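All values below were derived from every heavy atom in this structure, side-chain atoms included, with hydrogens, water molecules and symmetry-related copies excluded. Everything numeric in this text was worked out from a predicted model, so none of it was measured. Numbering of ligands and ligand atoms starts at 1, following listing order.
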Amino acid sequence: MNKLQLQGIGMTSQRTRSRLVQRLKNQGITDQQVLDVVAGTPRHIFIDEALSHRAYEDTALPIGFNQTISQPYIVARMTEILLSAGPVERVLEVGTGSGYQTTILAQLVDKVFSVERIKPLQDKARQRFSLLKIRNISLQHSDGGMGWPERGPFDGIMVTAAPEEVPPELLAQLAVGGRLVIPVGGSRNQQLKLVVRVTETDYETSVLEGVKFVPLLSGTVR
Ligand code: SAH
């Protein structure tokens with residue numbers, strides 16, 4: 001990929017990206033550092049070239065294996081919620097997918113640990129991080145419902161696929177003061193939740209808004 005393709009031209013240009021950011025603002029995203037990072041991140045390199053002209057529409061798009069790259073609004077919203085209590089150092093992401101959300105996070109926190117159950121998606125995401133020269137991301141091919149215990153505890157955990165219930169393993173890997181942002185529910189009725197670990201034993205949950213994510217599945221795919 002040459003420099004022009006990376007920066008984007010026409011439907012993938014900086015100007016197109018700025019329009020997306022304006023839309024996110026209109027929809028209520030207020031965190032300026034999140035908006036700046038979205039403005040500076042080429043979403044078109046996270047999807048198939050055949051779909052790249054749609055990269056800056058505010059919509060989820062297919063990335064293969066029945067999975068989708070999340071809608072920019074929800075990426076921005078979840079990031080804003082994760083960061084809204086102050087700077088965050090170590091973040092676990094469950095569901096690397098295209099790597100777009102991972103890339104946004106990596107520009108805003110010290111270190112991102114991201115797990116993905118489908119190996120070919122993980123491989124592609126890894127190539128994109130190296131193309132963008134982003135080096136504070138560690139990846140693991142595993143079932144993220146289990147978290148990544150060896151690397152925890154985490155100040156933030158972001159889950160980008162929906163389980164029916166919050167996995168207890170993720171609660172256990174949250175640092176005291178840490179924040180978990182997670183869609184919860186079945187295919188028809190999902191809520192975005194924020195769980196804060198207030199003390200060693202107390203968790204506070206708030207329900208934020210209705211969302212639509214692919215399901216969190218168990219096991220791995222080679
Ligand atoms: N943040 C990604 C979202 C991709 S969709 C993006 O914006 O591109 C959700 C991803 O979660 C899919 O790639 C899916 O394979 C992955 N996933 C689902 N269940 C998982 C699990 N138990 N462990 C790890 N990844 C999982």
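Contacts between Q67 and ligand 1, counted as non-hydrogen atom pairs separated by less than 4.0 Å, involve the side chain only.
More than 12 non-hydrogen atoms from other residues, nucleotides or ligands lie less than 6.0 angstrom from CD of Q32. No more than 12 heavy atoms of other residues, nucleotides or ligands sit less than 6.0 Å from atom NZ of K124.
In the hydrophobic cluster analysis, where Ile, Leu, Val, Met, Phe, Trp and Tyr join through side-chain heavy atoms closer than 4.5 angstrom, L217 is grouped apart from F213.
With respect to atom 22 (N) of ligand 1, the closest heavy atom belonging to the protein is L217 O, 2.5 Å. Summary of contacts: the protein heavy atom closest to atom 9 (C) of ligand 1 is T160 O, 3.3 Å. Considering only non-hydrogen protein atoms, atom 11 (O) of ligand 1 sits nearest to G95 CA, 3.2 Å. The protein heavy-atom contact nearest to atom 4 (C) of ligand 1 is T68 O, 3.0 Å. Looking only at protein heavy atoms, the nearest one to atom 7 (O) of ligand 1 is S70 N, 3.1 Å.
When the options R117, M146, M158 are ranked by their closest heavy atom to atom 25 (N) of ligand 1, first place goes to R117. Here the shortest heavy-atom distance to atom 23 (N) of ligand 1, taken over A161, G144, G147, belongs to G144.
Numbered from 1 in the order shown, with element, the atoms of ligand 1 that lie under 4.0 Å from a heavy atom of L216 read 19 (N), 20 (C), 21 (C), 22 (N). Of all the atoms in ligand 1, the ones that sit under 4.0 Å from a non-hydrogen atom of L121 are 13 (O). Near S142, meaning under 4.0 Å from one of its heavy atoms, ligand 1 places the atoms 23 (N), 24 (C). For ligand 1, the atoms lying closer than 4.0 Å to a non-hydrogen atom of E93 are 1 (N). Short contacts between ligand 1 and V214, defined as distances under 4.0 Å to a heavy atom of the residue, involve ligand atoms 5 (S), 9 (C). Residue contact check: G145 has heavy atoms under 4.0 Å from atoms 22 (N) of ligand 1. Close approach to I118 involves these atoms of ligand 1, each under 4.0 Å from a residue heavy atom: 15 (O). Within the listing of ligand 1, atoms 1 (N) sit less than 4.0 angstrom from a heavy atom of Q101.
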Test log, rule side chain to side chain contact (heavy atoms under 4.5 Å, CB included), inputs L132 and L6: CA-CA 9 Å; L132 294 172; L6 182 59; 3.7 Å; yes
Hey, mind stepping through Q101 and T79 against side chain to side chain contact (heavy atoms under 4.5 Å, CB included) and telling me if it holds? CA-CA 8 Å; Q101 171 78 76; T79 308; 3.0 Å; yes
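Side-chain contact check for T102 and R128: no donor-acceptor pair (N or O, by modelled atom type) lies under 3.5 Å. Looking at E57 and T59, their side chains never bring a donor and an acceptor atom within 3.5 Å of each other. For the residue pair Q107/D36, the side-chain donor-acceptor check at 3.5 Å is not satisfied. Residues Q22 and N26 bring a donor and an acceptor atom of their side chains to less than 3.5 Å of each other.
Judged by the shortest distance from any of its heavy atoms, P215 lies inside the 4.0 Å radius around the atoms of ligand 1. Ligand 1 is approached by T96 to a heavy-atom distance shorter than 4.0 Å.
A donor-acceptor pair is defined here as one N or O able to donate and one able to accept, closer than 3.5 Å; such a pair exists between the side chain of T160 and the backbone of V94.
Taking a cutoff of 4.0 Å between a charged side-chain nitrogen and a carboxylate oxygen, E204 and R197 do not qualify as a salt bridge.
Polar contact check, S98 against ligand 1: a nitrogen or oxygen pair lies under 3.5 Å apart. Below 3.5 Å of separation, one finds an N or O of E116 facing an N or O of ligand 1.
Just one residue in the list H44, R23, R43 forms a side-chain hydrogen bond (donor to acceptor under 3.5 Å, both in side chains) with Y56, and that residue is H44.
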